[in-house]
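I have placed the structure first, in the form of structure tokens, so that the comments after it can refer back to it.
Letters A, B, ... are given to chains in the order of the sequence lines, protein chains preceding strands, and every chain is numbered from 1.
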Amino acid sequence: MAKKKTIRTIPQDRTPMQEQLPEIRARNFAEVSLGYELAAAIRESERCLMCPDEPCIRGCPVGINIPGFIAKISEKDFHGAYDVLTDTTLLPAICGRVCPQETQCEGVCTVGESLESVAIGRLERFVGDMAIAEGWSAVPYIEPNDFRVGIIGSGPAGMACAADMAKAGCKVTVFEAFQQPGGVLRYGIPEFRLPNEVVDAEIAKVARLGVTFRMNALVGRLFTIEQMLNDMGFDALFVGTGAGTPVFMDIAGESLNGVVSANELLTRINLMQARDFPAHDTPLGLGKKVAVIGAGNTAMDAMRVSLRLGAEKVMCVYRRGHEEAPARAEELHHAEQEGIEFHWLTNPLAILDDGNGNVRGMLCQRMELGEPDKSGRRRPVPVVGSDFELECDTVVYAIGTNSNPILGQTSSLALTDRGYIVADDSLATSIDGVFAGGDIVTGAATVIEAMGAGRTAAAAMKRYLGLRDSNLPYAPAERASSLFGLAPEQRNFVRVQVA
Amino acid sequence: MVAEVVPNAVPYEIVTRTDFSDVTYLLEILEPDMAKAANPGQFVMVMSHADGERIPLTIADFDREKGTITLVVQAIGKTTREMQRDMVQGAHLHAMVGPMGIPSHIEGVKKVVCVGGGLGVAPVYPQARAFKEAGAYVIGVIGFRNKDLVFWKDKFESVCDEFIICSDDGSVGIKGLVTEGIRMALEKHNDIDEVIAIGPPIMMRACSQFTQPYGVHTVVSLNPIMVDGTGMCGGCRVKVDGRTKFACVDGPDFDAHKVDFDDLMARLKRFREQEKLVLDRWEQGCRIPEAPTISTPGA
């Protein structure tokens, strides 16, 4: 056991992470945050009090043993830290970058009650990046069984479920509609926040578990859920098809050229490489003055890519205030540093035509905050007579998505009245053997929530198939290395066939 | 890296290539699963190479026994010209995904006019065939600018009970637009359940306007600009009955009398400048390696 630490004896201030300077990074696609160096990671790890209460674990949607992996970092046992992380998360390099830690683990950190909380996300990323650089791979001993599992969608929910089922010994096939795997990690999150090579490296880890990928396969249309279960020999399926059609506001001018959804803008850039147009064939058509409607993470991404693609002015138009913005704190902060112009309490009324079918501006009105609404946030109400024109040539909608209708059209899956798949607490759907999770069940959520759903569904799927996880808690490395010489992850599963 | 994790990528081999004219060509692609799943009215998204665009193409035919999907393509832009050059027999597409979209409604239609304008003759053919197989009385109306552009005349005629071919210059069939053929059909039969028209937007709009006074249910297949084709990007949004619909998942077939064609045609011009730019580069015998440039096209 490490010496008992107190809030007085730990390094007081949070160890800073190096970042590209705002004026430089706003014009390139390289990663904004450069990650911790070794010494910085060790210093930050020493700020963890190893408190017995462990609120951070409960704050994590997948329940990562956070004090456990941080203790390994402070012992300079980085591979050990990686082992602890990969007991729970397959994709530490991704989660360390994109999780909203301030509302999860870091938000409940005991240190955070008196000082700045421990930088858990940065430490997770440090370990994940080291694993990629060193080629560490968490390939456990897998005892194969005869079950075949189909995973529909290769985003974070599908990947997490695929990995767990592969570790449990099932033969897993992931079906992806696009030409490259990764889902939102590929088409949605831009490279300056999550480089494609990190996504590639993390997906390769899933492939090394024996998972096969079939690209360009649109389930529902190429195969139906029922065909997969009845004719193709799948014993269980997981549906993690992600976000659906983008929401528009049904205001005048939405079909003008220059109006796009954030999903379209980001897909063109991230998946289709439109930023290298014309060397890549997919065009982008971004203007010089870009107004993005919305203030969530997707809105921040759309604004920051627009800036990087040469827009002279990028504006955020949001009908509520700064406090109500749903974006991750770091993204909002980065966007402000990079020079995004924020128009809080501003509501678009119409998009204006230049006479040739292109956008010339947006008619907006000022809002003020009234009484709290259902979401608990204060409801914005229009200020009478406050209409004004905002000059812009591109309008990007980043106000959320609806459900994707394809599986509802092609299967007997029960849906909510808004078209999302109905699933119980274990994420079982109305069809026996079919589980679902992520945005297609909950509506838009975060990467880590989707991964958590994938893992919850995997646990239920294992029960459904009669496979059982051992409930052995993570064993410290010293003991692990003496027990048959196996790493902890190699003893992670005990399979019991239930008659 | 990605190739490593996709060991089982299906090679979309071109097994037949036929040229109908110097701009129109047919690709028959081996993809047995898709051939099994395809239905009339559906489309695919195609990428010819890794740096290419995803483009939507309506399925012109499918053969479940041979396991093939047939596409008929018009070489008008850079991507379709490049495919015309490269996609010869034995070549492989980089990606093909589908069948996408809601299949056409075939059941319960007793008498139908299937209208194909130019390239649209290809995608309306599987619908005509399906109607015929379902026992409907099928009147085919196909139109081309001139005799040299005609393709699939015999194939189309073989699934029709009546067949009318039109040409702008009268070099084949009756002289006039496909609306002339529709007029002949509607005047001869007063019990037509449905008109299906596929072709360029301007032709579909003309057909829609023409049938409206007759009150005949009319269906068009829309082909707006798409990126993913799976109901995610919203690029293919069209106005139908005043509401936003997504052609990729709510269509591609829509009630013609409710479609806002002006909106559709305006949105199809969205990338005109960029399309011209890449085509000019292509025509200058391009593919000269050069550093990627950041695109900052004016609005």
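Contact of P405(A) with chain B is made through the side chain alone, with heavy-atom distances under 4.5 Å. Contact of A177(A) with chain B is made through backbone and side chain together, with heavy-atom distances under 4.5 Å. When heavy atoms are compared at a cutoff of 4.5 Å, T401(A) does not approach chain B at all. Heavy atoms closer than 4.5 Å to chain B are found in the backbone of L256(A), but not in its side chain. Within the 4.5 angstrom heavy-atom criterion, no atom of E275(B) approaches chain A. Heavy atoms closer than 4.5 Å to chain A are found in both the backbone and the side chain of R54(B). Contact annotation for T230(B): both backbone and side-chain heavy atoms come within less than 4.5 Å of a heavy atom of chain A. Using a 4.5 Å cut-off between heavy atoms, V174(A) does not touch chain B at all. Looking at L268(B), there are no atoms closer than 4.5 Å to chain A (heavy atoms on both sides), in backbone or side chain. Within the 4.5 angstrom heavy-atom criterion, no atom of Q273(A) approaches chain B. Looking at Y397(A), neither its backbone nor its side chain comes within 4.5 Å of chain B, counting heavy atoms on both sides. Residue contact with chain B, scored on non-hydrogen atoms closer than 4.5 Å, involves the backbone and the side chain of F178(A) alike.
Nearest heavy atom pair, residue P246(A) against residue G234(B), reads CG-CA, 3.6 Å.
For the pair D228(B) (side chain) and T267(A) (backbone), a donor-acceptor distance under 3.5 Å is absent. A side-chain donor-acceptor contact under 3.5 Å links Q409(A) to the backbone of V249(B).
The closest side-chain heavy-atom distance from P283(A) to E53(B) is below 4.5 Å. M232(B) has its side chain out of reach of T245(A): every pair of non-hydrogen atoms, C-beta onward, lies at least 4.5 Å apart. Side-chain contact between M272(A) and D51(B): absent, with no pair of heavy atoms (C-beta onward) separated by less than 4.5 Å.
Around CD1 of I251(A), the count of heavy atoms belonging to other residues, nucleotides or ligands within 6.0 Å exceeds 12. Other residues, nucleotides and ligands contribute at most 12 non-hydrogen atoms within 6.0 Å of the NZ atom of K258(B).
A salt bridge links D33(B) with R214(A): at least one charged nitrogen is closer than 4.0 Å to a carboxylate oxygen. R270(B) and E264(A) are joined by a salt bridge, as a carboxylate oxygen and a charged side-chain nitrogen come within less than 4.0 angstrom of each other.
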List the atom pairs, donor and acceptor, that lie under 3.5 Å between side-chain atoms in residues 95-104 of chain B and the rest of the protein, sequence neighbours left out.
unit_1  : atom_1 : unit_2  : atom_2 : d
S104(B) : OG     : P40(B)  : O      : 3.4
S104(B) : OG     : Q127(B) : OE1    : 3.1
S104(B) : OG     : Q127(B) : NE2    : 3.3
S104(B) : OG     : D253(B) : OD2    : 2.6

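When each of D263(B), D262(B), T244(B) is tested with S255(A) by the rule side-chain hydrogen bond (donor to acceptor under 3.5 Å, both in side chains), just one qualifies, namely D263(B).
Remark: the N216(A) side chain and the Y12(B) side chain contain an N/O donor-acceptor pair separated by less than 3.5 Å.
The residue among R237(B), K269(B), K36(B) with the most heavy atom pairs within less than 4.5 Å of chain A is R237(B). Interface check for chain A: of the options A38(B), A37(B), G52(B), the most heavy-atom pairs under 4.5 Å are formed by G52(B).
Between M34(B) atom CE and L222(A) atom CG the span is 6.0 Å, to the nearest 0.5 Å. The distance from the CZ atom of R221(A) to the CZ atom of F43(B) is 9.5 Å, given to the nearest 0.5 Å. Here the CE atom belonging to M45(B) is positioned 9.5 Å from the CD atom belonging to Q179(A), to the nearest 0.5 angstrom. Summarising the geometry, atom CZ belonging to R272(B) is positioned 8.5 Å from atom CG belonging to N257(A); distances are rounded to the nearest 0.5 Å. The distance from the CG atom of N404(A) to the SG atom of C248(B) is 8.0 Å, given to the nearest 0.5 Å. Put simply, CG on D281(A) and CD on Q274(B) are 12.5 Å apart, with the number rounded to the nearest 0.5 Å.
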- Taking it one step at a time, do F277(A) and L277(B) satisfy side-chain contact (heavy atoms from CB on, under 4.5 Å)? CA-CA 10 Å; F277(A) 177 86; L277(B) 173 74; 3.8 Å; yes

